[in-house]
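Reading through the structure tokens given below for one structure.
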2 protein chains.
Amino acid sequence: MSPNANHNGSAHHDHGKCVADALAAAREICDQRGERFTELRGRVLELVWESHRPIGAYAVLERLKADGRSAAPPTVYRALDFLMEVGLVHRIESLNAYIGCAHPGAAHASQFLICKDCGTAEELESPAVDAALAAAAGDHGFKIAGRVVELSGTCKNCSGS
Amino acid sequence: MSPNANHNGSAHHDHGKCVADALAAAREICDQRGERFTELRGRVLELVWESHRPIGAYAVLERLKADGRSAAPPTVYRALDFLMEVGLVHRIESLNAYIGCAHPGAAHASQFLICKDCGTAEELESPAVDAALAAAAGDHGFKIAGRVVELSGTCKNCSGS
DNA sequence: ACAGAGTATGATATACTATAGCGAGGCCGG
DNA sequence: CCGGCCTCGCTATAGTATATCATACTCTGT
Ligand SMILES: [Zn+2]
Ligand SMILES: [Zn+2]
Ligand SMILES: [Zn+2]
Ligand SMILES: [Zn+2]
């Protein structure tokens, strides 16, 4: 077990690097888009990335307070709203929770596989799913603006062993 | 404009019959399954069906109180939970709201087209979407237990005129 | 009819999630 | 330096959902 594996769910990758990469990418994306990647926003993104499990806004809030920082609900909701607009974070509607985007930087429609056992959420970008949704909507004269696709069930790790 | 059209969103069908049919079907389904379709549950289902728009639990609660009935949040949540278990009502996660099932009686995975303009939600059962989701999940060794597929956008009526 | 088990509802309190609104301070272009 | 805009702190409040206990109903077997 790697030194960084003890604080995340799957424990199958170097999660410290995982988080560091996400933060570096976020900084770059914000620079490119002329958005301010402030210390608060960075810390919130880091907290969201601390596991691959979706995390609730109030859980983020508690961790911010644990930093010794003064924080209230609007503090974290504003940061999360910003991160979502920039495309660095997704909201999981069925959990009222938030998770770091696995492929930030480009607009994309994603799907989530949420394991009921270990709580992880994997982000997919399946063109086939996207096409099927577009076709089904088109058949009904519906113009898609936003997609929520969240599958709950059992992940590979949890069903295997 | 038909006499029954003034209290629903699309105004393109006999909504009174629509609701009556839903209630009759519900009674039959509960009978078959040995579940009690009580007066409260019937009234809640009727309220949910009063339009084709998703309705919030607290909106249902207010209408129950308007009946002169004594009611509190658990009253409506219990009824909604029952109706969902029996498959008579679906929850729209992205709206924290509830809508009558268009095809009750048989287990099915459905998708919703939610219009941002008129607020209606149309229930689809696209085998193609379902197959694409099953394939995408299967590729990742994920066993699907529950599906949330909610598309927001503009419906045919609203984009037409 | 009666007792007892299981179910449904009433009632109160509380937890959890999200937003409104105002003001102080920082950043930046003019 | 000024003035506009953005970020953040802070308080209050709105909106959604559940825990818990008490009461009353329904059905079943005797
Ligand atoms: Zn993403
Ligand atoms: Zn799992
Ligand atoms: Zn349905
Ligand atoms: Zn519409």
Side-chain angles (χ1 to χ4, degrees), chain A residues 26-27 30-31 33-48 53-86 88-99 119 148 150, chain B residues 26-27 29-48 53-86 88-99 119 148 150:
Chain A
R27 196 175 310 271
C30 287
D31 275 1
R33 306 178 43 153
E35 303 281 359
R36 294 194 221 162
F37 191 70
T38 65
E39 197 271 336
L40 173 66
R41 289 166 177 175
R43 180 62 179 141
V44 168
L45 184 59
E46 188 179 12
L47 289 169
V48 167
R53 284 188 268 269
I55 183 174
Y58 277 72
V60 172
L61 177 57
E62 278 172 21
R63 284 160 178 72
L64 281 182
K65 284 181 181 168
D67 286 350
R69 182 192 302 264
S70 98
T75 309
V76 51
Y77 279 105
R78 280 191 293 231
L80 288 171
D81 286 347
F82 169 83
L83 294 169
M84 281 192 289
E85 279 187 15
V86 181
L88 295 168
V89 159
H90 294 291
R91 173 176 164 84
I92 308 292
E93 294 291 344
S94 56
L95 298 175
N96 293 335
Y98 305 83
I99 191 168
V148 173
E150 300 168 7
Chain B
R27 194 175 310 272
I29 288 167
C30 287
D31 276 1
Q32 283 176 6
R33 305 178 43 153
E35 302 283 356
R36 296 193 219 163
F37 191 69
T38 65
E39 197 272 336
L40 173 66
R41 290 167 175 174
R43 180 62 180 141
V44 168
L45 184 60
E46 188 179 13
L47 288 169
V48 167
R53 283 188 269 270
I55 185 175
Y58 277 72
V60 172
L61 177 57
E62 278 173 22
R63 285 161 178 72
L64 281 181
K65 284 180 181 169
D67 287 350
R69 182 194 301 264
S70 99
T75 310
V76 51
Y77 279 105
R78 281 191 291 230
L80 288 172
D81 286 348
F82 169 83
L83 294 169
M84 283 191 290
E85 278 188 17
V86 181
L88 295 168
V89 160
H90 294 291
R91 173 175 164 86
I92 308 291
E93 294 291 344
S94 56
L95 298 175
N96 293 336
Y98 305 82
I99 192 168
V148 173
E150 301 168 7

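Chain letters run A, B, ... following the sequence lines, proteins first, then strands; residues in each count from 1.
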Checklist entry - Would you say B:E150's side chain and B:I92's backbone share a donor-acceptor pair under 3.5 angstrom? => result no
Checklist outcome for this item: Separation of C:dT7 atom P from B:F82 atom CZ, nearest Å, is 12 Å
Checklist entry - Considering the terminal five base pairs at each end of the helix from C:dA1-D:dT30 to C:dG30-D:dC1, what angle separates the two local helix axes, rounded to 10°? => result 30°
Next on the checklist: Taking the minimum atom-to-atom distance to the side chain of B:T75, which one of D:dC10, D:dT7, C:dG10 wins?
Outcome noted: C:dG10
Checklist entry - How long is the line joining NZ of B:K65 and P of C:dA11, in whole Å? => result 11 Å
Item to check | Base-contact (B) and sugar-phosphate-only (S) positions in nucleotides 15-22 of chain D, heavy-atom cut-off under 4.0 Å, - elsewhere | outcome: -BBBB---
Next on the checklist: Between B:L88 and B:C30, is the side-chain contact (heavy atoms from CB on, under 4.5 Å) condition met? List the steps.
Outcome noted: CA-CA 10 Å; B:L88 295 168; B:C30 287; 4.2 Å; yes
Checklist outcome for this item: Rounded to whole Å, the CD-P distance (B:E39 to D:dA24) equals 18 Å
Checklist entry - So, are B:R43 and B:E46 salt-bridged, with charged N and O less than 4.0 Å apart? => result yes
Checklist entry - If you look at every heavy atom in A:A57 and A:V76, which pair is closest and at what distance? => result O-CG2, 3.6 Å
Checklist entry - Can you check the B:R43 CZ to C:dG10 C1' distance for me, whole Å? => result 19 Å
Checklist outcome for this item: Whole-Å distance, A:R69 CZ to D:dC8 P, equals 9 Å
Checklist entry - B:F37 CZ to C:dA8 C1': how many Å, rounded? => result 15 Å
Next on the checklist: Rounded to whole Å, please give me the gap between CG in A:L80 and P in D:dC8.
Outcome noted: 12 Å
Next on the checklist: Rounded to whole Å, please give me the gap between CD in B:E85 and P in C:dA8.
Outcome noted: 10 Å
Checklist entry - Quick one: does A:R41's side chain have a donor or acceptor within less than 3.5 Å of a partner on A:R36's backbone? => result yes
Checklist entry - Where do B:Y98 and B:V48 come nearest, in terms of heavy atoms and distance? => result O-CG1, 4.1 Å
Item to check | Minimum-distance pair of heavy atoms, taken over all atoms of A:V86 and A:R33 | outcome: O-NH1, 3.5 Å
Checklist entry - What are the two closest non-hydrogen atoms of B:P54 and B:G119, and how far apart are they? => result CD-O, 3.3 Å
Item to check | Worked check of side-chain contact (heavy atoms from CB on, under 4.5 Å) between B:M84 and B:D81 | outcome: CA-CA 5 Å; B:M84 283 191 290; B:D81 286 348; 3.5 Å; yes
Item to check | Protein-to-nucleotide contact annotation, 5' to 3' order, nucleotides 25-30 of chain C [B base; S sugar-phosphate only; - none; under 4.0 Å, heavy atom] | outcome: ------
Item to check | Heavy-atom pair of closest approach, residues B:I99 and B:R53 | outcome: CD1-C, 4.3 Å
Next on the checklist: Restricting to non-hydrogen atoms, name the atom on B:I55 and the atom on B:L47 that form the minimum distance, rounded to 0.1 Å.
Outcome noted: CD1-O, 4.2 Å
Checklist entry - According to a strict under-4.0 Å criterion, is A:S70 in side-chain N/O contact with OP1 or OP2 of D:dC10? => result yes
